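Since the structure comes first, as structure tokens, the remarks are kept for the end.
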Number of protein chains: 2
Amino acid sequence: MTGLTAKGAATRDRIVRAATELILERGVAGMTLDEIRDGTKTSKSQLFHYFPGGKSELVAAIAGYQNSQVMAAQEPWIDRLDSWRAWQGWRDAVITHYTGLTHKYCSVSALVNEVAPTDPELATQVIAYADRWLAQLATGLHRMRDTKLLRPEADPDRLALAVFASLQGGLLVMQSKNDIEPLAAALDGSLTMLRSYAP
Amino acid sequence: MTGLTAKGAATRDRIVRAATELILERGVAGMTLDEIRDGTKTSKSQLFHYFPGGKSELVAAIAGYQNSQVMAAQEPWIDRLDSWRAWQGWRDAVITHYTGLTHKYCSVSALVNEVAPTDPELATQVIAYADRWLAQLATGLHRMRDTKLLRPEADPDRLALAVFASLQGGLLVMQSKNDIEPLAAALDGSLTMLRSYAP
DNA sequence: TGCAAAGTGAACCGGCAAGTCCAGACTTCG
DNA sequence: CGAAGTCTGGACTTGCCGGTTCACTTTGCA
């Protein structure tokens, strides 16, 4: 997206923000372009002006935006999950980030579920975010095995997968119950599981 | 649904089965009544004849049907999760059930995600199934604490919540990766977590 | 200052999918 | 048999929503 004036950039930004708000509350199918128009003092033509690919492109932009938010919230822990202290810090950061957002569609992966059957390309994109997230967890665990914080027979990739699944499930249940507790229980359970692989 | 002749019951059944097939593959939004019609040698009027509430009622019926399938697949373990042996048996039964269904929308809870914003009543219903499932896990853990298989300070309800979240997350990731491994990793992680509460 | 490019508003289109209607065919049972 | 109730087909209606068009204004730069 090049050649945007200040005014244009502002409008585009307004659209993304409003659309994000809507999509978090109502899901992809529940978000209509007309609602975005109403909520942003814009018009359809502008939507397609800034997102020529239509709804798909807009949703992709939102997913990217949300992903960066979530990843940022996990800083600085997410990059250095190579000590027990870091994992605990990470857990707290995740809880903090999602506290107060319990009623929303927070989970990137949950989007896949809705989007995959009708828009495979978009799904691929979202899955890529998830994979990067998962990879960060795995990297930390690999380092921990290397530094003998995990027993040698521990399988970092599989453990990371378990933690990630647990995290996503925690988010899912959190949303349906509108309560942070399921996420907290899931993460605490994951940490307990990991610690049982300490030498 | 009373006053159904044999023929009527058969038709109704045909509709539910075909609709289940479709919804598992494409999600709620991706399933259209016309497709059901095409796939079942029926017509719209019959859909509304057997499900006067329209799509919502049909989806509710499917959810109930799916739920009973999933619960049945966990027999006999799910009713007696009060020993480590039972948990292992349960884990195997779950994996077996979902193996070969990896490309589908298996998770009941995942449906909530799609349906909740637009149909709260239906969502409530689906959540009820999930709660019953969760309760069964909790019951087993309570018994295990009572019989000293878990340390007294273990919180069965919270542990059950963690296991359940992990399970749901495993299903979610399983779908997006089209691979059973995430589910297996999630369940194995959960069992490891539980076992660390053994005395 | 003027013109090309960017930005904007609103009416419009087309398709899709949920839900309706009704006429007629079967089933059941007195 | 025949009437009440059940089942069926398919054409029809309705409204929503993603996407298009086009005339117009604003902006920024040579």
Side-chain angles (χ1 to χ4, degrees), chain A residues 1-23 25-63 111 114-115 117-123, chain B residues 1-19 21-23 25-62 114-115 117-122:
Chain A
M1 217 56 195
T2 168
L4 279 184
T5 70
K7 196 176 171 192
T11 301
R12 196 194 126 104
D13 196 59
R14 221 173 342 127
I15 291 173
V16 172
R17 280 178 200 285
T20 301
E21 207 47 42
L22 275 169
I23 216 167
E25 232 150 74
R26 319 244 269 257
V28 176
M31 173 195 75
T32 75
L33 301 188
D34 290 299
E35 282 171 325
I36 298 172
R37 180 177 46 67
D38 289 344
T40 54
K41 179 72 183 160
T42 58
S43 68
K44 282 273 198 59
S45 72
Q46 296 173 67
L47 254 48
F48 285 84
H49 182 63
Y50 295 108
F51 303 93
K55 197 173 181 176
S56 275
E57 191 177 338
L58 180 54
V59 172
I62 291 167
L111 275 190
E114 195 179 350
V115 149
T118 56
D119 196 334
E121 190 182 339
L122 177 53
Chain B
M1 216 54 198
T2 169
L4 280 183
T5 70
K7 197 176 172 191
T11 300
R12 194 193 127 105
D13 196 59
R14 224 178 334 132
I15 292 172
V16 172
R17 280 177 200 284
E21 207 48 42
L22 275 169
I23 216 169
E25 232 149 74
R26 319 244 267 259
V28 176
M31 173 195 76
T32 76
L33 301 188
D34 290 299
E35 282 171 326
I36 297 173
R37 180 175 49 65
D38 289 345
T40 54
K41 178 69 182 163
T42 57
S43 67
K44 280 274 196 61
S45 70
Q46 296 174 67
L47 254 49
F48 284 85
H49 182 62
Y50 295 107
F51 303 94
K55 197 174 183 179
S56 275
E57 191 177 337
L58 180 53
V59 172
I62 292 168
E114 195 179 350
V115 149
T118 56
D119 196 334
E121 190 182 340
L122 178 53

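Quick note on labels: first sequence line is chain A, next is B, and so on, each numbered from 1. Predicted model only: the values in this text are computed from it and were never measured.
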Handout entry: Where protein sits on nucleotides 9-20 of chain C, one letter per nucleotide: B base, S sugar-phosphate only, - none, heavy atoms under 4.0 Å
Key = BB------SBBB
Can you confirm whether [X] sits close enough to [Y] that some side-chain heavy atom of one is under 4.5 Å from a side-chain heavy atom of the other?
X	Y	result
A:Leu4	A:Tyr50	yes
A:Thr20	A:Arg17	no
B:Lys44	B:Leu33	yes

In whole Å, what is the span from the [atom1] atom of [X] to the [atom2] atom of [N]?
X	N	atom1	atom2	answer
A:Phe51	D:dT20	CZ	C1'	18 Å
A:Leu47	D:dT20	CG	P	12 Å
A:His49	D:dC22	NE2	C1'	15 Å
B:Arg14	D:dG9	CZ	C1'	13 Å
B:Arg37	D:dC12	CZ	C1'	13 Å
A:Asp38	D:dC16	CG	P	13 Å

Minimum-distance pair of heavy atoms, taken over all atoms of [X] and [Y]:
X	Y	result
B:Thr40	B:Thr42	OG1-OG1, 2.6 Å
A:Phe51	A:Ala61	CE2-CB, 3.9 Å
A:Glu25	B:Pro117	O-CB, 4.0 Å

Exercise for the section: Please answer whether the main-chain N or O of A:Gly27 pairs with a side-chain N or O of A:Glu114 as donor and acceptor at a distance below 3.5 Å. Expected result: no
Practice task
Check whether any side-chain nitrogen or oxygen of B:Tyr50 sits under 4.0 Å from OP1 or OP2 of D:dT6, and answer yes or no.
Solution key: no
List every contact pair, protein side and nucleotides 27-30 of chain C side both N or O, where the distance is under 3.5 Å.
none

Problem - Check: A:Arg14/A:Thr11 side-chain N/O donor and acceptor closer than 3.5 Å - result: yes
